[in-house]
Amino acid sequence: MGKFSGYLICTDCDGTLTYEPGKVSEENAEAIRYFQKEGGKFTLATGRFPGHAYEFGDQITINAPMVALNGTVLYDLKNEKIIHEWTATREDYLELFEYIHQNYPEVWECWINYTYQDSASFKPGETPVGDGSLKKLFDSLPEHLYKALSFQNAELTGILQKDLKEKFGHKFRFDTSWPEGLEIQPIHSGKGVAVLYMKEQMDDSIHTTIGVGDYENDLTLLECADIGYAVENALDSVKAVADRVTVSNKEHAIAKIIYELEREMKK
């Protein structure tokens with residue numbers, strides 16, 4: 001057993017692990033390899049599909065289940081299968097998107113993740129209200145769906161988020177991970193929910209979970225982890241719920257966290 005046995009690091013990708021989209025610094029990659037060699041488990045918690053993990057090539061290796069689609073899917077990369085999923089019904093999503101369609105035609109586009117690797121989409125401003133096309137789209141989808149997205153200008157994002165939380169907050173979460181996007185998912189899901197599932201239902205050898213993030217879709221991750229880290233470039237609201245704030249994503253934040261843990265072990 002190594003010094004990091006029992007520890008699980010679960011990190012967001014863009015703005016946290018990477019310094020540019022899809023790029024991990026060598027300092028981070030080296031620290032992750034060291035962490036894993038000493039018994040630690042490392043994985044991603046991202047809004048993207050599980051296949052995003054393969055885009056890092058040989059930069060990093062993931063040795064724990066991946067939290068994908070903002071914690072609506074927990075995925076086994078080695079065996080290429082879903083371990084657990086958190087979904088909402090097609091009918092609930094249809095009700096939500098009919099409301100967006102009727103009241104926010106200025107939304108550019110909406111996506112619905114209907115499998116762990118596929119999306120359907122429609123453009124509210126280009127689809128006449130009441131012509132049946134939206135219901136037809138949803139009728140073609142599975143009965144249970146994962147997360148969804150709406151894309152709009154940054155000024156509208158906050159207005160839309162507030163309105164949808166008031167009307168549909170009992171069924172869905174509405175979080176941002178960039179100014180022009182609103183991420184929508186079942187209220188009982190989240191990155192943190194998936195990490196808790198790993199620790200409590202799957203692997204009793206994990207004694208300490210470490211969550212790292214920067215945006216609203218990372219809030220549950222930081223709240224549910226034993227140690228929640230916000231990077232310096234995180235939103236103030238994310239820093240407020242974090243146990244600790246570390247350096248920015250451009251200053252090798254994951255390496256900083258790993259070596260900080262090691263120093264604490266020596267005390």
Side-chain angles (χ1 to χ4, degrees), residues 1-19 23-46 50 52-68 71 74-79 83-84 190-214 218 220-234 238-239 241-267:
M1 290 181 61
K3 64 180 71 175
F4 294 119
S5 294
Y7 286 87
L8 168 68
I9 293 177
C10 193
T11 179
D12 174 53
C13 293
D14 300 307
T16 304
L17 169 65
T18 60
Y19 64 90
K23 294 185 178 180
V24 178
S25 71
E26 182 53 36
E27 288 85 351
N28 274 344
E30 182 179 356
I32 292 166
R33 290 192 291 268
Y34 172 60
F35 176 76
Q36 292 172 320
K37 182 180 178 182
E38 289 292 334
K41 296 183 178 180
F42 174 85
T43 191
L44 306 177
T46 176
H52 181 61
Y54 303 120
E55 296 180 15
F56 293 103
D58 296 330
Q59 286 184 290
I60 57 172
T61 300
I62 295 168
N63 63 342
M66 179 178 171
V67 178
L74 187 60
Y75 192 77
D76 180 347
L77 288 163
K78 182 178 180 180
N79 295 300
I83 296 170
H84 198 76
K191 294 181 179 183
V193 174
V195 170
L196 279 177
Y197 184 88
M198 269 194 279
K199 181 181 179 182
E200 297 175 356
Q201 305 293 328
M202 293 183 58
D203 193 343
D204 58 11
S205 70
I206 298 173
H207 58 67
T208 304
T209 55
I210 300 157
V212 195
D214 69 321
D218 299 315
T220 65
L221 175 60
L222 273 60
E223 290 168 342
C224 294
D226 293 302
I227 306 173
Y229 274 92
V231 288
E232 179 56 41
N233 52 290
V238 177
K239 292 179 182 178
V241 305
D243 298 301
R244 305 177 183 181
V245 178
T246 189
V247 297
S248 77
N249 66 312
K250 295 185 178 180
E251 298 174 275
H252 326 299
I254 304 303
K256 178 79 172 179
I257 290 169
I258 290 170
Y259 296 131
E260 182 176 292
L261 289 172
E262 183 177 44
R263 288 194 299 273
E264 290 176 354
M265 291 175 184
K266 295 178 180 178
K267 292 180 180 179

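Basis for what follows: all heavy atoms, side chains included, without hydrogens, waters or symmetry-related copies.
- Of the candidates Val212, Ile32, Asn249, Ile32 is the only one forming a side chain to side chain contact (heavy atoms under 4.5 Å, CB included) with Leu17.
- Between Met202 and Leu74 the shortest heavy-atom distance is SD-CD2, 3.7 Å.
- Other residues, nucleotides and ligands place more than 12 heavy atoms under 6.0 Å from the CG atom of Asn79.
- Looking at Pro65 and His84, their side chains never come closer than 4.5 Å, going by heavy atoms from C-beta outward.
- Counting heavy atoms from C-beta outward, Leu77 and Tyr54 have side chains that approach closer than 4.5 Å.
- The OH atom of Tyr229 sits 8.5 Å away from the CD1 atom of Ile9 when rounded to the nearest 0.5 Å.
- If you take CD1 on Ile258 and CD on Glu260, they are separated by 11.5 Å, rounding to the nearest 0.5 Å.
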**Report entry** Candidate pair Val231 and Ser248, rule side chain to side chain contact (heavy atoms under 4.5 Å, CB included), full reasoning
**Finding:** CA-CA 5 Å; Val231 288; Ser248 77; 5.6 Å; no
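- Between Ala255 and Asn28, the closest heavy-atom pair is N-OD1, 2.9 Å.
- Formation of a donor-acceptor pair under 3.5 Å by the Thr208 side chain with backbone atoms of Tyr7 is not found in this model.
- Note that CD of Gln36 and OG1 of Thr61 are 6.0 Å apart. Values are rounded to the nearest 0.5 Å.
- When the options Ile227, Leu221, Leu8 are evaluated for a side chain to side chain contact (heavy atoms under 4.5 Å, CB included) with Thr209, the one that passes is Leu8.
- Rounding to the nearest 0.5 Å gives a distance of 8.0 Å between CD of Glu38 and OG of Ser5.
- With contacts defined as side-chain heavy-atom distances shorter than 4.5 Å, the pair Val195/Cys224 does not qualify.
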Requested in this report: I would like to know whether Tyr34 and Lys3 meet side chain to side chain contact (heavy atoms under 4.5 Å, CB included); could you show each step before the answer?
Outcome: CA-CA 10 Å; Tyr34 172 60; Lys3 64 180 71 175; 2.9 Å; yes
Query - Intermediate values then yes/no, salt bridge (Lys or Arg N to Asp or Glu O under 4.0 Å), Glu251 and Lys256 - result: CA-CA 8 Å; Glu251 298 174 275; Lys256 178 79 172 179; over 6 Å; no
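- Gln59 contributes a side-chain N or O that, together with a main-chain N or O of Val24, makes up a donor-acceptor pair within less than 3.5 Å.
- Counting only heavy atoms from C-beta outward, the side chains of Met198 and Val67 approach each other to under 4.5 Å.
- For the residue pair His252 and Ser25, the shortest heavy atom distance occurs at ND1-OG, 3.0 Å.
- Ring pair Phe35/Phe4 is tilted by interplanar angle, where 30° to 60° counts as tilted.
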Query - CA sep, side-chain torsions, deciding dist, call: Glu232, Lys250, salt bridge (Lys or Arg N to Asp or Glu O under 4.0 Å) - result: CA-CA 10 Å; Glu232 179 56 41; Lys250 295 185 178 180; over 6 Å; no
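- Atoms NZ and OG1, from Lys191 and Thr11 in turn, are 8.0 Å apart once rounded to the nearest 0.5 Å.
- Scanning all heavy atoms of the two residues, the minimum distance from Gly71 to Ala194 falls at CA-CB, 4.4 Å.
- Rounding to the nearest 0.5 Å places CG of Asn233 at 6.0 Å from CG of Asp214.
- Contact record, Asn63 with Phe42: OD1-N, 2.7 Å, taken as the closest heavy-atom pair.
- In terms of heavy-atom proximity, Ala225 sits nearest to Ile210 at CB-C, 4.2 Å.
- Taking 4.5 Å as the limit, some side-chain heavy atom of Cys13 sits within range of a side-chain heavy atom of Phe56.
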